[in-house]
Amino acid sequence: VLSVAITLAIICYLMFTLTPEVQAKFGTKVFYTVIFVLFAFLRYLQQTLVYNKTESPTKIVYKDRYIQVTLLLWLTVFLLLIYFK
């Protein structure tokens with residue numbers, strides 16, 4: 001169920017970035033933020049399925065530096081897209 005939910009979340013974010021309204025507001029390069037979302041979700045899946053860390057998702061995000069850096073990069077790129085089209 002977790003894999004299906006993450007797959008649907010990635011697809012929904014991808015569809016969000018491809019909508020004409022979002023691309024008109026943020027530019028067509030907003031599509032490139034999908035890679036950060038994909039990496040963060042894949043890292044979360046790795047932590048839960050491979051390393052058996054079944055604690056709270058919030059705790060995993062607080063503890064895992066890879067996810068934190070990925071989220072920081074996503075936020076930076078998104079802000080750059082907003083202010084420097």
Side-chain angles (χ1 to χ4, degrees):
V1 173
L2 179 65
S3 299
V4 171
I6 287 180
T7 302
L8 288 175
I10 291 170
I11 290 171
C12 287
Y13 186 77
L14 178 64
M15 289 172 55
F16 166 76
T17 60
L18 293 175
T19 58
E21 296 86 9
V22 172
Q23 289 194 354
K25 188 172 184 175
F26 301 116
T28 57
K29 293 182 182 179
V30 73
F31 172 75
Y32 296 119
T33 60
V34 173
I35 194 74
F36 298 111
V37 173
L38 178 68
F39 285 158
F41 277 129
L42 287 177
R43 176 63 178 190
Y44 179 75
L45 278 176
Q46 182 184 31
Q47 291 292 320
T48 56
L49 299 177
V50 175
Y51 300 130
N52 258 348
K53 293 187 179 179
T54 56
E55 55 194 7
S56 167
T58 308
K59 287 182 182 178
I60 291 176
V61 170
Y62 285 147
K63 290 180 182 178
D64 190 47
R65 292 287 180 218
Y66 183 84
I67 294 176
Q68 292 172 355
V69 169
T70 304
L71 290 175
L72 184 64
L73 287 172
W74 173 82
L75 182 64
T76 303
V77 169
F78 210 92
L79 289 175
L80 287 172
L81 288 172
I82 291 173
Y83 293 111
F84 301 105
K85 286 185 189 178

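Everything numeric here is computed off the predicted structure, so don't read it as measured data.
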key: Under 4.5 Å side-chain linkage, directly or through intermediates, the cluster mates of Met15   = Ile11
inquiry  = Restricting to side chain to side chain contact (heavy atoms under 4.5 Å, CB included), what partner residues turn up for Thr76, sequence neighbours left out?
reply    = Leu72, Leu80
inquiry  = Going by side chain to side chain contact (heavy atoms under 4.5 Å, CB included), name the residues that satisfy it together with Val22, two or more places apart in sequence or in a different chain.
reply    = Phe16, Thr19, Phe26, Val30
Going by side-chain hydrogen bond (donor to acceptor under 3.5 Å, both in side chains), name the residues that satisfy it together with [X], two or more places apart in sequence or in a different chain.
| X | answer |
| --- | --- |
| Thr70 | none |
| Gln68 | Arg65 |
| Lys53 | Gln47 |

Is any side-chain heavy atom of [X] closer than 4.5 Å to a side-chain heavy atom of [Y]?
| X | Y | result |
| --- | --- | --- |
| Val37 | Leu14 | no |
| Thr48 | Thr54 | no |
| Ser3 | Leu49 | yes |

ask   = Are Phe84 and Ile82 connected in a single hydrophobic cluster, I mean Ile/Leu/Val/Met/Phe/Trp/Tyr linked by side-chain heavy atoms less than 4.5 Å apart?
value = yes
message = Tell me whether Leu45 shares a hydrophobic cluster with Val50, the cluster being built from Ile, Leu, Val, Met, Phe, Trp, Tyr side chains joined at under 4.5 Å.
response = no
query = Sequence neighbours excluded, which residues qualify as salt bridge (Lys or Arg N to Asp or Glu O under 4.0 Å) partners of Lys63?
reply = Glu55
task = Scan for ring-ring contact (aromatic ring centres under 6.0 Å, His included) pairs involving residues 29-67, sequence neighbours excluded, and state none if there are none.
result = none
Distance (rounded to the nearest 0.5 Å) between Leu73 CG and Ile35 CD1 = 12.0 Å
request  = Report the distance from atom CG of Leu38 to atom CD1 of Ile6, rounding to the nearest 0.5 Å.
outcome  = 10.5 Å
If you look only at pairs with a residue in [range], which of them pass as a salt bridge (charged side-chain N to carboxylate O under 4.0 Å, His left out), with sequence neighbours excluded?
| range | result |
| --- | --- |
| residues 14-29 | none |
| residues 31-45 | Arg43-Asp64 |
| residues 70-81 | none |

request  = Only pairs at least two apart or in different chains count here, so list each side chain to side chain donor-acceptor pair (under 3.5 Å) that has a residue in residues 8-18.
outcome  = Tyr13-Thr33, Tyr13-Trp74
